[in-house]
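First up is the structure itself, then whatever we jot down about it.
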Amino acid sequence: MQMSETSEVIHRFNQAFQDHDPSAFADLIAPDCVMESIQPAPDGTRYEGYDANLAFWQALAADRVAHFEVEDTFVMGDRANIRWRFHFGDGGSVRGVSLIRVRDGRIVEALAYSKSAGASAPVPE
């Protein structure tokens, strides 16, 4: 039962970004939701509570220039992994993943991580 509930919440969450529909987030966020964004690296910004998360996600969804491309979604119980690419308005993009936890039909935790520019790790010889 939990997995289908989680799948439905994640589907609606992803669809809100695809449709640029800020209103869709109103009933997806738990009162005690905690989210960590990808910026600034390396730790991101922590948002706590319904109002902070609602404002963040609504602003992101309302942007008609930038957009998310969902590459893969994997649900297991009350958790989901969403692999995505975020396209900026200037043609650039960044790839990342969001680790989400759902409780009682609402998102309680969303931790986002992205690939960042920089030197690659040395390959062992």
Side-chain angles (χ1 to χ4, degrees):
M1 178 95 120
Q2 177 68 40
M3 188 149 32
S4 71
E5 177 183 68
T6 302
S7 293
E8 174 61 24
V9 168
I10 298 306
H11 172 75
R12 290 172 47 215
F13 179 76
N14 286 339
Q15 198 63 48
F17 289 113
Q18 300 302 303
D19 295 343
H20 297 277
D21 181 9
S23 67
F25 295 99
D27 64 347
L28 291 177
I29 303 168
D32 57 343
C33 183
V34 172
M35 188 262 293
E36 292 178 0
S37 68
I38 64 171
Q39 296 293 334
D43 297 324
T45 301
R46 185 176 175 91
Y47 296 85
E48 296 183 16
Y50 179 87
D51 292 337
N53 285 285
L54 181 65
F56 181 91
W57 284 327
Q58 283 185 329
L60 203 54
D63 184 344
R64 295 233 172 240
V65 176
H67 68 278
F68 277 98
E69 173 188 351
V70 175
E71 294 181 338
D72 188 41
T73 302
F74 182 78
V75 174
M76 59 224 139
D78 66 344
R79 296 179 186 269
N81 296 348
I82 304 168
R83 195 177 73 227
W84 46 260
R85 181 179 296 270
F86 184 76
H87 296 270
F88 304 103
D90 64 2
S93 68
V94 64
R95 291 183 75 204
V97 64
S98 293
L99 310 177
I100 297 182
R101 190 164 49 94
V102 173
R103 181 183 67 228
D104 299 326
R106 295 186 182 245
I107 296 170
V108 294
E109 183 179 61
L111 308 175
Y113 302 91
S114 70
K115 293 187 175 204
S116 59
S120 57
V123 178
E125 292 184 29

Problem - side-chain contact (heavy atoms from CB on, under 4.5 Å) between Phe17 and His67, worked out - result: CA-CA 7 Å; Phe17 289 113; His67 68 278; over 6 Å; no

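Put simply, the side chain of Thr45 never gets that close to the backbone of Ser37: no donor and acceptor are under 3.5 Å apart. Checked by atom type and distance alone, the side chain of Gln18 pairs as donor or acceptor with a backbone atom of Phe68 at under 3.5 Å. In terms of modelled atom types and a separation under 3.5 Å, the side chain of Thr6 and the main chain of Arg79 share no donor-acceptor contact.
When hydrophobic side chains of Ile, Leu, Val, Met, Phe, Trp and Tyr are connected at separations under 4.5 Å, Val108 ends up as a singleton with no cluster partners. The hydrophobic cluster around Leu111 extends to Val97, Leu99, Tyr113, counting ILVMFWY residues whose side-chain heavy atoms fall within less than 4.5 Å of a member.
In terms of the side-chain hydrogen bond (donor to acceptor under 3.5 Å, both in side chains) criterion, residue partners of Ser23 (sequence neighbours excluded) are, by chain and number, Asp21. With sequence neighbours excluded, the residues forming a ring-ring contact (aromatic ring centres under 6.0 Å, His included) with Phe56 are Tyr47, listed by chain and number. Applying the salt bridge (charged side-chain N to carboxylate O under 4.0 Å, His left out) criterion to Arg95, with sequence neighbours excluded, gives Glu71. Legend: residues meeting side-chain contact (heavy atoms from CB on, under 4.5 Å) with Glu69, ordered by chain and number and at least two apart, are Arg85, His87. Qualifying salt bridge (charged side-chain N to carboxylate O under 4.0 Å, His left out) partners for Asp27, counting only residues two or more places apart in sequence or in other chains: Arg12. Partners of Ala110 under the side-chain contact (heavy atoms from CB on, under 4.5 Å) rule, at least two apart in sequence or in another chain, are Met35, Trp57, Ile100, Ile107. Taking the side-chain contact (heavy atoms from CB on, under 4.5 Å) definition, one finds that Ser114 meets it with Ile38, Trp84, Val94, sequence neighbours left out. For Asp51, there are no salt bridge (charged side-chain N to carboxylate O under 4.0 Å, His left out) partners, not counting sequence neighbours.
Annotation: the span from Phe74 atom CZ to Asn81 atom CG amounts to 7.5 Å, rounded to 0.5 Å. In this structure, OG in Ser93 is found 10.0 Å from CZ in Phe86, a value given to the nearest 0.5 Å.
Within the structure, no pair that satisfies the salt bridge (Lys or Arg N to Asp or Glu O under 4.0 Å) test touches residues 57-67, not counting sequence neighbours. Residue pairs that meet the salt bridge (Lys or Arg N to Asp or Glu O under 4.0 Å) test with at least one member in residues 28-38, sequence neighbours left out, are Asp32-Arg103, Glu36-Arg46.
Closest approach of Ala26 and Tyr50 over heavy atoms only: O-OH, 2.6 Å. In plain terms, the two heavy atoms of Cys33 and Asn53 that are nearest each other are O-ND2, 3.2 Å. Looking at every heavy atom in both residues, Ala62 comes nearest to Pro22 through CB-CG, 3.8 Å. In plain terms, the two heavy atoms of Val9 and Gly105 that are nearest each other are CG2-O, 3.3 Å. The shortest heavy-atom contact between Arg106 and Ile29 is NH1-O, 3.2 Å.
Cluster membership for Phe13 and Val70, using ILVMFWY side-chain heavy atoms within less than 4.5 angstrom, is shared. Tracing side-chain contacts under 4.5 Å through hydrophobic residues (I, L, V, M, F, W, Y), one never reaches Val34 starting from Leu28; they form parts of separate clusters.
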